[in-house]
Each structure stands twice: as C-alpha cells, then as structure tokens.
Amino acid sequence: MMKKRFFLAVTLCLAASWAYAEQLVISTRNTTMVLDVEQGKAPQYVYYGAKLKDGEAAHLQQPRDGRMDVYPVHGLNAPAEAALALRHADGNLSTALVAESWQQEADATGSLVTIRLKDPAYPIAVELKYKAYTAEDIIEAWTTINNGEKQTVTLTTFASAMLPIRRGDVWMSSLYGSWANEGRLVEEPLTPGQKVIVNKDGTRNSHTSHAEVMFSLDGKGQENQGAVIGAALCYSGNYRLKVVTDDTEYHYFFAGINEDNSEYHLKKGETFTTPKLALSYSQEGLSGVSRNFHKWGRKYMLAHGDKERKILLNSWEGVYFDINQQGMDQMMKDIASMGGELFVMDDGWFGDKYPRKTDNSSLGDWVVDKNKLPDGIEGLLRDAKKNGVSFGIWIEPEMTNSVSELYEQHPDWILKAPKRDAVMGRGGTQLVLDMSNPKVQDFCFKIVDDLLTKYPAIDYIKWDANMPVMNHGSQYLPMADQSHLYIEYHRGFEKVCQRIRAKYPDVTIQACASGGGRANWGVLPYFDEFWVSDNTDALQRIYMQWGTSYFFPAIAMASHISATPNHTVFRTTSMKYRIDVAMSGRLGMEIQPKNMNDEEKALCRQAITEYKQIRPIVQFGNIYRLLSPYDKKGVASLMYVDDAKEKAVWFWWKTESFQNEHLPRIKMAGLNPNKMYKVHELNRIDLNPLDCEGKSYSGAYLMNHGLEMPYRNDVDWGKKNDWASRVLLLE
C-alpha cells in the first residue's frame with residue numbers, strides 16, 4: 001500500500017511539472033526562436049533560425065551535447081561561462097535562476113516575451129526580455145536584475161544575453177580599426193578557445209572594434225546566399241563580446257557591458273537593466289542580415305530615419321581653425337552654387353578669454369569669438385538665408401581644456417582619479433567632463449538649449465567627442481562606487497540626449513567622435529547620422545564604408561568629397577572617383593571650394609544634381625554587396641534597390657590598376673528577374689557613352705550575367721588616370 005501511494009504521488013508530481021512547462025515560440029516574418037520554459041527549472045534554448053511551419057516547433061529535436069541555459073549563471077556549474085555572476089550580501093558567489101512565470105503579448109510591431117526568473121535561496125529576481133520586430137526579422141534580447149536582499153549585491157558579470165551556435169564550419173565577421181581607419185572587416189573561422197572583442201575607451205566605442213558581429217553558419221560568409229546570424233549590442237559605452245568554444249557541440253556567444261573595473265553595487269530594491277542585443281537571421285547571406293538591420297534601424301532606432309538627408313559642406317578640411325565671417329559667407333555661397341543644401345561651420349568659432357585658435361584651449365567656453373565672427377551667429381544665419389542654405393554648427397559638449405574659463409570655474413567637473421593629477425589628452429590640455437554628475441549633465445544640455453533657443457534657425461549640430469576616459473575616477477561618485485564610472489557616464493550621456501530630443505525633436509545631429517568613434521545603435525536613437533571617419537580618402541573609405549554597411553544604412557553614413565592630396569594619407573585620386581565613393585553614403589563635401597577649378601565645380605554640381613535623383617534609393621534602399629574590396633580582385637561593387645524593385649543604383653570602383661589586368665564581371669542582385677531595366681550612367685566624364693547607355697536589360701540578365709565595364713575612363717590624354725569608377729542608375 002505504501003509503494004502504491006508513493007507511485008501515485010510521483011505520478012501526480014510529474015503531471016503537475018508538465019502542466020507548468022511551455023514552449024515559447026518567438027516569430028518574425030522569416031525567422032523563429034524557440035525556448036523551453038518549465039516552472040522551477042532554468043529556461044532552455046531549442047532553436048533559432050529559418051521560419052518554422054505551424055506546429056513544427058512541437059516536434060523539434062532537443063539540442064544535444066551542449067549547455068542550453070538561456071541565461072547561464074555562475075556558481076553551480078563553475079567551469080562553464082556565465083552571463084550573470086554576483087556576490088550576494090552575505091558573500092555567497094553562487095547563483096541559481098529558475099523560471100517562475102512568463103508571458104507573451106503581441107504589439108503593433110511584433111511581440112514581447114517576458115520570462116521571470118528567481119533564485120530559490122535568495123530574493124534575486126531576473127527578467128529575460130525578447131522583443132520581436134516581425135517585418136524586419138529582428139529580435140532584441142535584454143535582461144533586468146532586481147535586488148530584493150536586505151543589503152547591497154555586487155554584480156561582477158552582467159551580459160545582456162547568450163546565444164548558443166551549433167558547431168560546424170562557422171565563420172565570424174567583425175570590425176576593427178583605429179582613428180582614420182575605422183570599420184575594417186575581418187573574417188575568421190571560429191576555433192576552440194575564446195574570441196573576445198572588447199572596448200575600454202570610456203566615451204567612444206567604435207574606433208578599434210565594433211559591438212556588432214555576424215556568424216556565417218555555412219563556411220566563410222557570402223554576401224547574398226547562406227545562413228547568417230547577425231548580432232548588435234545597442235550600447236554607447238564599453239562592451240564585451242565573447243565567443244566560447246569548448247569541448248561541447250556549440251559555440252556560446254555572450255554580449256554585454258564590459259565588466260572590467262565596472263563591478264556594479266546593486267542596492268536594496270534597485271533594478272539594473274542591460275543594453276539590448278539585437279539579433280537577426282537570414283538565409284540570404286551577409287547582405288541579407290544587413291538589410292534587416294538597416295530596415296529596423298531606419299524605422300525604430302535612427303533619429304529621423306524616414307527623412308532624406310541634406311547635402312552639405314563642412315568647413316573643417318577647408319579652413320580648419322581659420323574661421324572668419326567673410327570666409328564662411330563665401331563657403332555658403334559656393335556650396336549653394338553647386339546645389340548643396342546645408343553649410344556646417346566646424347571647430348574654431350568660440351572662446352572669449354581663450355580664443356579657440358588651435359586644439360589646446362577653449363572647450364567649454366561656448367561663446368562666439370567676436371574677433372573671428374564680429375556679426376556673431378546672427379550674421380552667419382543671415383548669410384545662410386541670403387545664400388539659400390541651412391546652417392549647422394560644431395560643438396564638443398562632453399569635453400573641456402585645462403586652458404578654459406570653464407575649467408577655471410569648475411575643476412571639480414572633470415574626470416580625475418582620486419589623489420592623482422589629471423591625465424591630459426588632445427593638445428596636451430583636453431579633459432573629459434564627468435557625465436555622471438547631474439550638474440555636468442545640465443551644463444551639456446544648456447549648451448544645446450542656449451544655441452537652439454537663441455538661434456532656432458540652426459538646422460544641424462555636429463556633436464564631437466575627441467578624448468577617451470584616461471582618468472578613471474569621478475569627483476562626483478562616492479569612493480565606494482568608483483567602479484560605476486563607465487556605466488554612469490553613459491547613463492548621464494543618454495539623459496542629456498533624451499532631454500535634447502524631447503525639446504528639439506527636429507534638429508539634425510551628427511555623432512562625431514574623432515571620426516567614427518560612435519557608430520553604434522546605442523547612440524543613434526538620438527542622432528541622425530555619424531561621421532564614418534576623419535579619413536576622407538576615397539580608396540580607404542571604400543574599405544571602411546564596406547565594413548560599416550554590415551550594420552548601418554547609407555542614410556546614417558556621412559561620406560564627403562574632399563581635396564587632394566588627401567589630408568590624411570596624401571593620396572591623389574580623381575574628382576570623379578571621390579564623388580562616386582561619396583555618393584554611396586550620405587553625400588557631402590569637406591573641401592575649400594575656392595581652391596577648386598571650374599571643371600571640378602561643374603562635376604560636383606552635376607553630381608549633386610544626380611544624387612538628388614538617386615537619394616531615395618541610396619538612403620532608403622536595400623543594400624546588396626556584390627564584390628568585396630577585401631577579396632583583392634582589383635574592384636569592389638555594391639548596389640541599392642528600392643522596395644518595389646523598380647529602381648536601383650549600382651556602384652563599381654577599381655581598387656588597383658595594372659596593365660593587362662583581368663577584372664571579374666559583376667553579377668547584380670536584388671532585381672526583379674522579369675522586369676526590364678534601362679541603364680543610365682551618372683557622373684559621366686567619358687568622351688563617349690558606355691555601350692550599355694540607354695539600353696534595357698532584364699533583371700534576370702543583369703543578375704545572371706552582369707554588364708562589362710571598361711577598365712579606364714575614356715577621356716582626353718591629359719586627363720587620364722588610374723582611378724576608374726562607375727555609377728549606374730537602373731530604372
């Protein structure tokens with residue numbers, strides 16, 4: 001009788017357990033993620049990939065020989081990598097998280113899944129969030145951690161999410177670089193051990209590495225075929241991306257805030273929210289994942305992602321610090337004469353006691369230098385109106401110089417290690433303001449607020465950040481919480497951005513940070529675009545913009561025509577080549593027009609006119625990268641196609657030049673095979689048109705065969721050079 005009762009009790013227990021188990025299916029238009037959740041157990045990954053048919057999820061095989069915990073924690077399987085590790089108030093370093101409840105709710109964009117976890121022994125509550133964007137094939141994952149203990153808990157590892165990826169022939173594409181060489185692409189197979197990508201800059205996070213990666217599941221990534229997973233951490237600060245490959249059948253991908261020197265003291269009742277990790281899957285290769293991120297980014301992340309960007313002239317490479325009223329007026333007149341729509345005055349316009357003549361003074365003293373600009377900003381706006389262009393201005397709100405009135409008045413506002421002298425940056429005097437300090441936040445907001453309140457006609461702000469956090473120390477944060485600096489800096493930065501956007505939703509703001517230091521989806525909800533790099537050399541820009549396009553759309557990538565020899569690498573390229581590269585992003589100019597000859601001005605005028613025709617296709621179209629410059633075939637090519645597949649713009653750039661060279665013919669992509677497309681060359685300089693000019697070809701022919709391009713431009717003997725490029729409009 002006792003045995004029978006025991007058997008019955010076990011049976012009822014198992015039945016109750018099954019009653020509290022559920023399979024959560026998170027779907028987008030073309031993808032599915034499946035999680036198994038059972039009350040009292042850790043949630044498990046089952047599947048992430050191509051869209052499953054109705055009912056198919058119920059019959060999936062369970063993953064074998066892998067650790068499938070959705071959010072692995074440290075302490076009870078210590079050899080395994082953890083997404084979360086913490087020190088409880090009593091010193092215990094172990095954590096266990098089991099499912100308590102979960103819900104899935106639909107919304108206008110897709111669905112939101114929330115899984116609530118708890119530690120059976122401690123009042124620690126964690127929520128796992130999964131937000132699906134149906135049309136864009138994006139799933140965002142993030143985590144909240146709540147401390148219900150009576151005293152402070154210390155977080156030592158706090159990733160946003162973990163994703164297991166089945167081993168096979170998996171390759172990872174990531175971005176690396178440096179100042180003036182940002183967004184460079186590296187492709188490598190995943191091998192046993194760890195692959196770690198970190199940022200420790202403190203203020204900027206996309207110079208030496210990027211918080212975005214792609215995983216090609218079928219070998220080395222191909223642009224328009226093959227299964228690919230893309231992941232982007234949406235965070236403006238220090239991050240850590242890590243792939244762990246051990247003796248199991250899986251790679252384990254972790255992404256989140258870099259915890260180095262950033263342990264977080266979570267006070268009683270406080271909730272810590274991690275940045276979002278955006279995931280996408282495509283069976284259309286690397287470009288397929290890029291298209292998903294571009295659509296999601298333009299619609300949900302990028303400020304004004306649905307509005308065309310203006311064609312501008314920036315003063316920096318034209319005059320550097322040599323700002324004056326007459327010179328600005330002349331540059332406005334020149335860009336207007338070429339069809340431009342906006343003039344941006346860069347660094348060098350401010351400072352009273354310490355005029356900004358070089359990079360070693362005046363940051364923080366945001367008053368007009370009346371010696372340079374006797375008519376002030378009022379005069380600049382007057383001249384902009386006279387010339388028929390909008391006006392923009394450069395600022396660097398997060399920084400100061402030791403040679404400035406601001407520093408003299410508020411030395412306590414800078415980041416500085418306790419009991420140490422301040423470490424200086426650019427110009428031997430630059431310092432970073434402490435954005436964790438609410439007074440500094442108010443000051444930074446006031447810079448923008450004063451400008452736009454007094455001068456509401458200002459259309460554009462270039463927001464720069466030219467120094468990393470060299471001084472790890474806050475004069476505002478308590479000594480016990482100095483490890484919060486990196487996190488609190490970016491919380492303060494975001495608060496300022498939110499205040500600016502709440503009051504000034506229509507102004508265009510560029511994220512510049514020593515060039516491309518802030519190309520990140522954590523920054524861009526408050527910015528319209530970013531400066532890809534301080535290096536405007538057309539050839540090197542092909543490589544940088546190629547990599548950057550993996551996750552960021554052309555509308556966000558400021559790409560300017562500049563002078564030669566180039567101011568960074570001193571290369572001399574043809575004006576047409578510089579134009580043809582710049583037109584593949586948000587077109588602008590970074591040059592002194594009065595130094596251009598009439599032929600160059602005429603060519604730029606033609607290019608601006610033609611860019612206005614293709615601007616909707618480039619800025620809102622779907623990218624198809626065709627032949628990578630990294631493949632070293634002597635040529636690079638990509639194209640943009642509109643949603644209706646009615647129009648496309650095709651770019652072709654030679655990357656080297658030899659006698660008796662043999663370049664591949666480029667097959668196009670993304671067109672409707674049954675439609676006919678008429679070819680028209682833009683920015684033409686040839687004496688004779690291409691043999692395909694004005695002719696029509698089927699989408700099938702262009703995608704299966706492609707068009708032959710001459711290896712040189714057909715120009716007069718004295719104008720010949722080795723920088724051949726082509727831009728074709730198909731419609």
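Counting non-hydrogen atoms of neighbouring residues, nucleotides and ligands closer than 6.0 angstrom, the NZ atom of Lys242 exceeds 12 such neighbours. Lys200 NZ: 12 or fewer foreign heavy atoms inside a 6.0 Å radius. Atom NZ of Lys594 sits in a sparse spot, with 12 or fewer heavy atoms from other residues, nucleotides or ligands closer than 6.0 Å. Atom CG of Asn595 has more than 12 heavy atoms from other residues, nucleotides or ligands within 6.0 Å.
Under 3.5 Å, the side chains of His560 and Thr536 contain no donor-acceptor pair of N or O atoms. Judged by distance alone, the side chains of Tyr550 and Glu212 never bring a donor and an acceptor atom under 3.5 Å apart. Side chains of Glu408 and Tyr354: a donor-acceptor N/O pair is present below 3.5 angstrom, by distance only. Remark: the Asp412 side chain and the Gln475 side chain contain no N/O donor-acceptor pair separated by less than 3.5 Å. Side-chain N/O atoms of His265 and Glu263 include a donor and acceptor closer than 3.5 Å. Defined by atom type and a distance below 3.5 Å, a donor-acceptor pair is present between the side-chain atoms of Glu398 and Trp463. For the residue pair Asp334 / Gln330, a side-chain donor-acceptor distance below 3.5 Å is found, with atom types taken as modelled. At a cut-off of 3.5 Å, with distance as the only test, a side-chain donor of Asn466 or Ser514 sits close to an acceptor on the other residue. Between the side chains of Ser390 and Lys310, at least one donor N or O sits under 3.5 Å from an acceptor N or O. In summary, the side chains of Trp394 and Asp464 do present a donor paired with an acceptor at a separation below 3.5 Å, with no hydrogens or angles considered. In the model, Thr358 has a side-chain atom that pairs as donor or acceptor with a side-chain atom of Asn360 under 3.5 Å. Counted by atom type alone, Gln540 and Asn181 present one or more donor-acceptor pairs between their side chains at under 3.5 Å.
Between Ala180 and Asn535, the shortest heavy-atom distance links the atoms O-ND2, 3.1 Å. Heavy-atom minimum distance, Thr573 versus Ala538: OG1-CB, 4.3 Å. The two atoms that bring Val432 and Pro468 nearest to each other are CG2-O, 3.4 Å, heavy atoms only. Closest non-hydrogen pair, Ser402 versus Tyr407, comes out as O-CD2, 3.4 Å. Taking each heavy atom of Ser474 and Asp434 in turn, the nearest pair found is OG-OD2, 2.5 Å. Across all non-hydrogen atoms, the minimal contact from Met424 to Met467 is C-CE, 3.9 Å.
Trp316 and Phe321 have perpendicular rings, their planes meeting at more than 60° on a 0 to 90° scale where under 30° would count as parallel. Classified by interplanar angle (parallel below 30°, tilted 30° to 60°, perpendicular above 60°), the ring pair Tyr543/Tyr630 is perpendicular. Using the six-membered ring where Trp is involved, His472 and Tyr486 have ring planes that are perpendicular, over 60° apart on the 30 and 60° scheme.
Ion pairing between a basic and an acidic side chain is recognised when a charged N comes within 4.0 Å of a carboxylate O; Lys439 and Asp442 show no such pairing. Salt bridge status for Glu494 with Arg491: absent, with no side-chain N to carboxylate O gap under 4.0 Å. In this structure, Glu140 pairs ionically with Lys276, as a charged nitrogen and a carboxylate oxygen lie closer than 4.0 Å. Ion pairing between Asp365 and Arg356 fails under the 4.0 Å rule for side-chain N and carboxylate O. A salt bridge is absent between Asp450 and Lys454; no separation between the charged side-chain nitrogens and carboxylate oxygens falls under 4.0 Å.
The side-chain heavy atoms of His484 and Ser436, taken from C-beta on, include no pair separated by under 4.5 Å. In this structure, the side chains of Leu84 and Thr157 stay at 4.5 Å or more apart for every pair of heavy atoms. Asp537 has its side chain out of reach of Thr568: every pair of non-hydrogen atoms, C-beta onward, lies at least 4.5 Å apart. Residues Ile377 and Ile393 have side chains in contact (heavy-atom distance under 4.5 Å, counting atoms from C-beta outward). Side chains of Leu277 and Tyr235 form no contact here, defined as non-hydrogen atoms less than 4.5 Å apart. Residues Asp383 and Phe343 form no side-chain contact, since every pair of their non-hydrogen atoms from C-beta on lies 4.5 Å or further apart. Side-chain contact check for Pro275 versus Ile257: some heavy-atom pair is nearer than 4.5 Å. Side-chain contact between Met575 and Ile561: present, with at least one pair of heavy atoms (C-beta onward) separated by less than 4.5 Å.
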Verdict with supporting geometry, Glu259 and Thr156, side-chain hydrogen bond (donor to acceptor under 3.5 Å, both in side chains): CA-CA 6 Å; Glu259 63 271 24; Thr156 56; over 6 Å; no

Check against side-chain hydrogen bond (donor to acceptor under 3.5 Å, both in side chains), His567 and Tyr320: CA-CA 11 Å; His567 291 198; Tyr320 290 104; 2.6 Å; yes

Candidate pair Met328 and Val319, rule side chain to side chain contact (heavy atoms under 4.5 Å, CB included), full reasoning: CA-CA 9 Å; Met328 299 298 95; Val319 299; 4.0 Å; yes

Criterion side-chain hydrogen bond (donor to acceptor under 3.5 Å, both in side chains) on Tyr239 and Ser209, from CA distance to verdict: CA-CA 10 Å; Tyr239 53 80; Ser209 58; 2.9 Å; yes

Step-by-step side chain to side chain contact (heavy atoms under 4.5 Å, CB included) determination, Arg426 to Met399: CA-CA 11 Å; Arg426 184 185 184 193; Met399 307 286 165; over 6 Å; no

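Checked against a 6.0 Å centroid threshold, the rings of Phe272 and Phe158 count as neighbours. Ring centers of Phe551 and Trp521: at least 6.0 Å apart, outside the cut-off. For His294 and Phe552, the gap between ring centers reaches or exceeds 6.0 Å.
Without hydrogens or angle criteria, His304 side chain to Phe527 main chain gives no donor-acceptor distance under 3.5 Å. Counting only distance, with no hydrogens or angles, the side chain of Asp201 and the backbone of Arg204 share a donor-acceptor pair below 3.5 Å. When atom types are taken as modelled, the side chain of Ser559 and the backbone of Met557 share no donor-acceptor pair closer than 3.5 angstrom. For the pair Asn387 (side chain) and Val389 (backbone), a donor-acceptor distance under 3.5 Å is absent. A distance-only check finds a donor-acceptor pair linking the side chain of Ser206 to the backbone of Gly517 [under 3.5 Å]. Put simply, the side chain of Arg87 never gets that close to the backbone of Val153: no donor and acceptor are under 3.5 Å apart. Using modelled atom types, no side-chain atom of Asn258 and backbone atom of Asn238 make a donor-acceptor pair closer than 3.5 Å. Remark: the backbone N or O of Arg499 is not paired with any side-chain donor or acceptor of Lys495 at under 3.5 angstrom. For the pair His210 (side chain) and Ser174 (backbone), a donor-acceptor distance under 3.5 Å is absent. Between the side chain of Glu341 and the backbone N or O of Ile311 there is at least one donor-acceptor pair closer than 3.5 Å.
The side-chain tip of Arg541 points at the ring of Trp531 from less than 6.0 angstrom away and within 45° of straight on. Judged by the 6.0 Å distance and 45° axis criteria, Arg518 is not positioned over the aromatic ring of Phe530.
Screening Arg501, Lys462, Arg586 for a salt bridge (Lys or Arg N to Asp or Glu O under 4.0 Å) with Asp528, the sole residue that qualifies is Arg501.
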